[in-house]
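These numbers come from a predicted model, not from an experiment. The residues of the chain are indexed from 1 along the displayed sequence.
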Amino acid sequence: MSEITVVDYLIKRLEELGITDIFGLPGDFNFNIIEAIERNKNTNWIGCTNELNAGYAADGYARVKGYGALVTTYGVGELSAINAIAGSFAEYVPVIKIVGTPSTKNIAQKTLLHHNFANPDYFAFANAYSNVVETTAYLNSKNAKTEIDRVLSVLVNEKKPVYIAIPEDICSSEINDIPCIQKATSNQDMLDAVIKHIEKMLLKAKNPIVLADILADRFEAKDALYKFLNKTEYPATNLLMGKGLIDWNYKGYIGTYLGKYGNNTAYSMVNESDCVITVGTIYSDLNTFGFDYSFEPTSMIDIEGTYTTVEYIRYDNVLMKDVLLRLSEIAPKYIGKSFDIKPLGLIQEIEANKPLKAQFIYSEIQNFLKEDDIVFSETGLVEFGFATLELPKGAHLYNQVLWGSIGWATPAAFGATIAERNKRVILVTGDGSHQLTAQEVSSMMRYGVKPIIIVINNSGYTIERALCKNPMDLFNNIASWNYSKLPDVFNGKSWSIKVETEQELHEALINAEQEQKDKLCYIEICTDKMDMPKLAQDLIFKSLAKV
């Protein structure tokens, strides 16, 4: 039986999951872990500017590649990253959080070492993480092998973050090199039962419709969903978090569900359906546009990652992918009412000296998008600007609608550029959000990745201005930055520009398409303090402000 060190075993297993790039910051308690990453010829250490950004980067990496990993030192490092991991937990993003801790001897003796409290508690931070990960493990000489296998099994099956603490001395302990990661499978009897129940509903349904969301992607069921849709030709829509999940070229696609605030076709068809098939949905306030739906569980088939609910009856231990594949074999073809969906009307005329407004900005972005683009939209107004856009074939939009931590998108986009170096990554963020994590632009330049960064400078927290009693209250102001000069501070190849008019933006995007081939591109877009997408105006002033 071959032997391997604990830390080499862990990194080897991560590599097998497709995690070839691991984000974090060094600290004296995690040197052994980082050295193992560098020792493995197939894995790379990606150093970030701080632990929070590293956590966001690992999150963005996982969204694109399937899984991500983050390494920090004990105490100060792991607490700096906990908000990022909490966001991954909220949105089913499988990131493994690895922390290097003091040795088992120091832990047992409660030695007062740095990065601790005056009364040492070496398990305080693992206990804190237990609230924002699916499971935790604190390795020792007896449990290291079984705990690594157990924790990675949870990561793979639950699609949520997990946490492993490795004391310095345990890193070099030897264990057998036989992996034992348990992958969940469907209970066949339960799967047969749920398919039989669903078939009865579909056979009597006159207007079935599919409402899909991001968990279909997280649980690796996107291909199965396409197979089901192409076989049945059911009309299909998606929630905001799942934008890009269904291709615009699918004949039954009716656009993103926007509640009563837009896309009347999707709104009426979902709420008038006698059989709503939801796939991987997250029913949060913003994702559903203020919980604006009226279908009842009695007319609903809810297919989630590891269970399916049909007419109030829950069937456990059935995987989403298996349910969809079986349904593609037995579901009847769509014969319901016809429908018509028109994409967003694009602005054709450009006025040279006209100040920029949201409608024009997002129309230009719509024209700029290409097939297979990876797009990250920041929390706040930007996600509503993208809600009505048509994504080209293969393009995917990533957002953080549920957790909504401002600043997430910049380092998350960095993680995406590391995960997928052969695709174009576009980041669209607001100035207030960007100020939280803008230093990660330096990491983009350090590692030679070439995203296109679009910063909307509206001089503060515009979405907060719209929500509060006095829009001009001083607490919604931020420091004034010359954003287009920011790349010059960092060392690397970049092209940047500041635009204030329609003609300037139009030309900037044309130039960015060329410049991005060999350098990072950075566009600062200046708008009025209260300018926002119409969808955001409607939602804020008609709905959220009343909650």
Under a 4.0 Å threshold between the charged nitrogen and the carboxylate oxygen, would [Y] count as salt-bridged to [X]?
X: E504; Y: K498; value: no
X: D518; Y: K450; value: no
X: D292; Y: K260; value: yes
X: E515; Y: K519; value: yes
X: D538; Y: K534; value: yes
X: K393; Y: D247; value: no
X: R13; Y: E16; value: yes

Quick one: [atom1] on [X] to [atom2] on [Y], what's the gap to the nearest 0.5 Å?
X: M444; Y: T417; atom1: CE; atom2: OG1; result: 6.0 Å
X: L155; Y: E134; atom1: CG; atom2: CD; result: 10.5 Å
X: L225; Y: F219; atom1: CG; atom2: CZ; result: 14.5 Å
X: N83; Y: L52; atom1: CG; atom2: CG; result: 6.0 Å
X: I523; Y: I453; atom1: CD1; atom2: CD1; result: 10.0 Å
X: T101; Y: N30; atom1: OG1; atom2: CG; result: 10.5 Å

Please check if the side chain of [X] supplies one atom and the backbone of [Y] the other of a donor-acceptor pair under 3.5 Å.
X: D59; Y: A412; value: no
X: D372; Y: A395; value: no
X: D213; Y: L215; value: no
X: D373; Y: V375; value: no
X: E513; Y: I510; value: no
X: E502; Y: E351; value: yes
X: T288; Y: S284; value: yes
X: D531; Y: A358; value: yes
X: T437; Y: G407; value: yes
X: R218; Y: E91; value: yes

Below 4.5 Å, heavy atoms only, C-beta onward: do [X] and [Y] meet side chain to side chain?
X: F289; Y: L535; answer: yes
X: T43; Y: D21; answer: no
X: I282; Y: I214; answer: yes
X: I456; Y: D431; answer: no
X: N399; Y: L240; answer: yes
X: Y253; Y: N238; answer: yes

What are the two closest non-hydrogen atoms of [X] and [Y], and how far apart are they?
X: N457; Y: W481; result: ND2-O, 4.4 Å
X: S494; Y: P487; result: OG-CB, 3.5 Å
X: A58; Y: A69; result: CB-O, 3.6 Å

Could you walk me through whether Y283 and T281 pass the side-chain hydrogen bond (donor to acceptor under 3.5 Å, both in side chains) check?
-> CA-CA 6 Å; Y283 293 102; T281 47; 3.2 Å; yes
Full working for salt bridge (charged side-chain N to carboxylate O under 4.0 Å, His left out) between K485 and E524 | CA-CA 9 Å; K485 300 298 182 184; E524 176 186 356; over 6 Å; no
Are [Y] and [X] an aromatic pair, judged by ring center distance below 6.0 Å?
X: H114; Y: F29; answer: yes
X: F23; Y: Y61; answer: yes
X: F376; Y: W408; answer: yes

Compute both the distance and the angle, then confirm whether K97 meets the cation-pi test with Y129: under 6.0 Å from the six-membered ring centre, within 45 degrees of the axis.
->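 Yes, a cation-pi geometry.
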Cation-pi, Y92 ring and K159 (6.0 angstrom, 45 degrees) =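 No, K159 does not sit over the ring of Y92.
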Is there a side-chain hydrogen bond (donor to acceptor under 3.5 Å, both in side chains) between K65 and T20 once you walk through the steps?
-> CA-CA 10 Å; K65 205 168 183 182; T20 54; 2.9 Å; yes
Which is it for Y163 and F125 under the ring-ring contact (aromatic ring centres under 6.0 Å, His included) test, yes or no, and what are the steps along the way?
-> CA-CA 11 Å; Y163 170 103; F125 311 124; 9.6 Å; no
Would you please test L389 and I365 for side-chain contact (heavy atoms from CB on, under 4.5 Å) and show each step?
-> CA-CA 9 Å; L389 299 192; I365 291 174; 4.3 Å; yes
Criterion side-chain hydrogen bond (donor to acceptor under 3.5 Å, both in side chains) on E440 and T49, from CA distance to verdict = CA-CA 6 Å; E440 222 52 47; T49 60; 2.5 Å; yes
Given side-chain hydrogen bond (donor to acceptor under 3.5 Å, both in side chains), test N40 with E15 step by step and report yes or no.
-> CA-CA 9 Å; N40 185 315; E15 175 204 337; 3.1 Å; yes
Show your reasoning for whether side-chain contact (heavy atoms from CB on, under 4.5 Å) applies to R465 and N477.
-> CA-CA 9 Å; R465 295 187 194 280; N477 293 341; 3.1 Å; yes
Do Q400 and Y56 meet the criterion of a side-chain donor-acceptor pair at a distance under 3.5 Å?
->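 No, no side-chain donor-acceptor pair sits under 3.5 Å.
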